[in-house]
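Please read the structure below before turning to the comments.
Please read all numbers here as calculations on a predicted model, not as lab measurements.
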Amino acid sequence: MRIAILNDPSAVVVDWTPAPLLILVEQRRVVFPKAGGPCATSFFLAAALFKITSPGHNMRISISLYCRACNPSARENRKRMTEVIDSALTTAKKALEINLDARCYGTIVEIGAGQEVAGQFFRVGAAAGTVAKTMSAYDMQFSDQIYGKAGRYVSRERLNQMLAHEYALVCNRLDESRGAETTFFTYAATVAAKSYGQNNFCHAHIGIRFQQSPRSAYSEIILHARMHDDDAAAQSQALGILGVNLIYGAFRHSHKPRTLIEHLLDDLSSERIEVDFIELSGEAFAGVENRLMNLHLIRSWSTRAVLFDAHGVSQVPTNILRKSPIMIIRGSFRPPTKVHADMFSAGLKAFGSMESIDSKNIVTLAEITMAELESDTNSADADFLARVDLLNALGHSVLVSDYFRFFSLRHWLRNYTHEALGITLSVLDFDSLFNPKFYEGLEGGILEAMGKLFPDNTHVFVYPSKINGKLVTLGNVSVEPLQKHLLSYLIDNKLLLDCNVVDEKNLHISARESYKMMQQGNNEWEANVLPEVAKLIKERKFFGAR
């Protein structure tokens with residue numbers, strides 16, 4: 001068994017595995033599922049797509065572990081995947097292809113980071129075939145005179161104004177002369193790039209309004225992006241590449257929205273620019289479930305986390321989290337049980353009672369990790385939507401992330417607020433929280449992890465549980481002897497805090513056992529969840545409940 005890289009001539013790709021396997025790649029959790037195959041005694045691991053970035057170049061490759069003794073289709077697979085890599089389009093090729101397509105014609109308007117998207121089309125040549133107009137109304141008063149006033153300069157509101165105004169202009173002015181054979185579009189972006197001498201929040205609202213066919217109703221793609229480069233020039237270049245990918249995707253991949261998403265960061269990486277929100281609308285995307293499209297942003301490595309509000313609507317994270325104290329609970333929520341409800345209640349009460357926290361402003365989040373979703377996309381999608389709907393029914397916003405460790409989650413939340421953070425977890429989670437193996441790969445091990453979890457105004461609230469019939473709390477929980485002093489230190493410094501049990505009679509409830517009951521047709525699961533949750537599960541037949 002060995003690791004093979006796809007652009008290596010000896011690489012082999014196989015399609016199935018005999019057992020589940022977990023691999024950590026750059027601290028991302030990748031699960032290879034069990035599946036059938038003709039060689040049950042050999043280890044075959046499904047190919048997994050990763051992104052590798054080198055200076056000036058980015059490509060998707062596949063990493064595989066395989067058994068050399070049984071690979072009858074190796075040559076065909078290698079040839080097929082090599083063709084995929086060789087045919088990858090660069091940003092320049094995409095821009096030129098659109099420029100040479102006489103059907104695509106429209107306007108590009110950009111505010112806040114130069115005119116990098118328009119520049120990409122001009123630099124490759126033949127831009128007269130695509131660009132009717134470019135503009136950058138950088139001054140706020142100029143912008144207001146053109147598009148109308150907006151509450152914030154860099155916002156969805158301003159983006160909508162730009163798209164509506166510019167798309168109406170291009171259609172009204174050019175429909176008579178070329179509307180019968182042209183699909184018009186407007187690309188717009190309003191950006192807060194890195195300011196000179198400041199450390200501001202760098203982000204962009206980006207969108208395209210376009211026609212699928214001449215004189216058809218428009219369709220629309222809206223994105224929110226966060227820029228991570230350290231200087232404005234690099235951010236501007238990244239935005240230019242993203243813009244070309246979006247325009248190209250709108251005209252070439254609108255019939256396959258998941259493919260469109262997978263190519264948003266071609267020639268980029270999420271370390272440079274992160275797309276944390278997408279919304280697809282119009283006739284090109286009839287029937288598309290935007291929650292699943294946002295989930296696919298994580299699967300395609302365009303972002304590490306996406307957020308849904310208490311109504312189940314995909315949201316730009318900063319819209320909900322900005323400058324707010326946040327209480328978050330990580331769980332499987334399959335289904336959300338009475339214990340989860342008690343944990344929310346107890347954690348919120350304990351967090352809200354701390355000094356300097358206005359309990360009215362606390363944002364509560366239920367977080368689901370990608371590791372908690374099935375590896376099969378179709379079943380995972382249904383499972384995911386069920387959990388979001390049930391958590392929404394309880395009034396919670398939902399965060400989905402691929403963060404494996406608690407401190408990584410805390411770091412992500414710190415992008416949006418400097419207010420207090422609270423993480424509520426069960427005492428059962430100590431099996432991983434205080435397990436040194438959970439932090440393998442960190443130079444400082446468990447000490448580094450705890451330092452990253454508690455560097456500022458962050459507290460972990462520990463909810464009791466029953467273990468072997470005994471009530472276990474923060475006060476009497478046992479950890480490995482080598483971790484006892486670390487536990488005492490965190491308790492003494494009020495970084496780990498007790499949660500009072502809400503209802504001890506609920507502590508025996510297990511989400512995992514409740515799920516098994518549903519699968520078996522055992523209706524005893526209903527006693528383990530709140531009435532509104534039980535009602536919704538039965539009405540919609542979530543989790544195979546009968």
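- Remark: R387 CZ to D389 CG distance equals 12.5 Å, nearest 0.5 Å.
- At distances below 3.5 Å, not a single donor-acceptor pair connects side-chain atoms of D309 with backbone N or O atoms of S314.
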I would like to know whether C202 and Q235 meet side-chain contact (heavy atoms from CB on, under 4.5 Å); could you show each step before the answer?
CA-CA 9 Å; C202 301; Q235 290 181 357; 3.4 Å; yes

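- No side-chain heavy atom of H255 sits under 4.5 Å from any side-chain heavy atom of Q212.
- The side-chain heavy atoms of L307 and V398, taken from C-beta on, include no pair separated by under 4.5 Å.
- Rounding to the nearest 0.5 Å places CG of L280 at 7.0 Å from CE of M293.
- Centroid-to-centroid, the aromatic rings of F308 and F384 come within less than 6.0 Å.
- Within a 6.0 Å radius of CZ in F201, other residues, nucleotides and ligands contribute more than 12 heavy atoms.
- Residue H411 places its NE2 atom among 12 or fewer non-hydrogen atoms of other residues, nucleotides or ligands, all under 6.0 Å distant.
- Taken to the nearest 0.5 Å, the OG atom of S143 stands 6.5 Å off from the CE atom of M162.
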Applying side-chain contact (heavy atoms from CB on, under 4.5 Å) to L399 and W412, what does each step give before you reach the verdict?
CA-CA 11 Å; L399 178 72; W412 182 84; 3.5 Å; yes

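- Side-chain atoms of T417 come within 3.5 Å of backbone atoms of E419 as a donor-acceptor pair (strictly under, hydrogens ignored).
- Aromatic rings of Y218 and F184 (six-membered ring for Trp) have centroids beyond the 6.0 Å cut-off, not under it.
- A donor-acceptor pair is defined here as one N or O able to donate and one able to accept, closer than 3.5 Å; such a pair exists between the side chain of D231 and the backbone of A233.
- The residue from V275, L297, L264, L265 that alone fulfils the side chain to side chain contact (heavy atoms under 4.5 Å, CB included) condition with S270 is L265.
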Apply side-chain hydrogen bond (donor to acceptor under 3.5 Å, both in side chains) to H228 and E274, showing your working.
CA-CA 8 Å; H228 301 304; E274 187 175 348; 2.9 Å; yes

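- Atom CD of residue E279 and atom CG of residue L223 lie 10.5 Å apart, to the nearest 0.5 angstrom.
- Side-chain contact between I368 and R334 is absent, with no heavy atoms from C-beta onward closer than 4.5 Å.
- A donor-acceptor distance shorter than 3.5 angstrom exists from the side chain of R272 to the backbone of A234, with no hydrogens or angles considered.
- Between the side chain of N172 and the backbone N or O of A168 there is at least one donor-acceptor pair closer than 3.5 Å.
- Going from atom CG of D276 over to atom OG1 of T303 covers 5.0 Å, rounded to the nearest 0.5 Å.
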Check against side-chain contact (heavy atoms from CB on, under 4.5 Å), T90 and D267:
CA-CA 7 Å; T90 64; D267 281 343; 4.0 Å; yes

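- Residues Y248 and T91 have side chains not in contact (no heavy-atom distance under 4.5 Å, counting atoms from C-beta outward).
- Other residues, nucleotides and ligands place no more than 12 heavy atoms under 6.0 Å from the NZ atom of K149.
- Taking all atoms of both residues into account, the shortest heavy-atom contact from N200 to A193 is ND2-O, 2.9 Å.
- Smallest separation of non-hydrogen atoms from L163 and A188: CD2-CB, 3.7 Å.
- Side-chain contact between I206 and L159 is absent, with no heavy atoms from C-beta onward closer than 4.5 Å.
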Side-chain donor-acceptor pairs under 3.5 Å in residues 116-125, sequence neighbours left out?
residue	atom	partner	partner atom	Å
E116	OE1	R123	NH2	3.2

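- At least one side-chain heavy atom of V191 sits under 4.5 Å from a side-chain heavy atom of M227.
- Between F185 and Y167, the distance from one ring center to the other does not fall under 6.0 angstrom.
- Side-chain N or O atoms of T369 include none that pairs as donor or acceptor with a backbone N or O of D402 at under 3.5 Å.
- Going from atom CD of E97 over to atom NZ of K94 covers 9.5 Å, rounded to the nearest 0.5 Å.
- By the 6.0 Å and 45° rule, R405 does not stack over the aromatic ring of F407.
- H205 is not listed as a side-chain neighbour of R158, based on a closest heavy-atom distance of 4.5 Å or more.
- By the 4.5 Å heavy-atom criterion applied to side chains, L246 and Y187 are counted as neighbours.
- Minimum heavy-atom separation, E283 to S219: N-OG, 3.4 Å.
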Go through it in stages, so that I can follow the logic: the residues are R215 and D175, the test is salt bridge (charged side-chain N to carboxylate O under 4.0 Å, His left out), and I'd like the CA-CA distance, side-chain angles, deciding distance and then a yes or no.
CA-CA 8 Å; R215 290 179 175 149; D175 180 74; 3.0 Å; yes

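- Between D381 and R299, at least one side-chain nitrogen of the basic residue sits less than 4.0 Å from a carboxylate oxygen of the acidic one, meeting the salt-bridge criterion.
- Annotation for P214 and G179: closest pair CB-O, 3.4 Å, computed over non-hydrogen atoms.
- A donor-acceptor pair under 3.5 Å is formed between the side chain of N392 and the backbone N or O of G312.
- Of the possible polar contacts, one joining the R410 side chain to the K452 backbone as a donor-acceptor pair under 3.5 Å is found.
- A donor-acceptor pair under 3.5 Å links the side-chain atoms of S155 to the main chain of R152, judged by distance alone.
- In E181, the CD atom is crowded: over 12 heavy atoms of neighbouring residues, nucleotides or ligands sit closer than 6.0 Å.
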For H253 and H263, run side-chain hydrogen bond (donor to acceptor under 3.5 Å, both in side chains): C-alpha distance rounded to whole Å, both residues' side-chain angles, the deciding distance at 0.1 Å, then the answer.
CA-CA 9 Å; H253 299 308; H263 290 281; 4.9 Å; no

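- Not one N or O on the side chain of N294 forms a donor-acceptor pair closer than 3.5 Å with the backbone of R291.
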Could you walk me through whether R103 and T182 satisfy the side-chain contact (heavy atoms from CB on, under 4.5 Å) test, starting with their C-alpha distance in whole Å, then the side-chain angles of each, then the deciding distance to 0.1 Å, before giving a yes or no?
CA-CA 4 Å; R103 297 169 300 172; T182 303; 5.9 Å; no

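- Other residues, nucleotides and ligands place more than 12 heavy atoms under 6.0 Å from the CG atom of N319.
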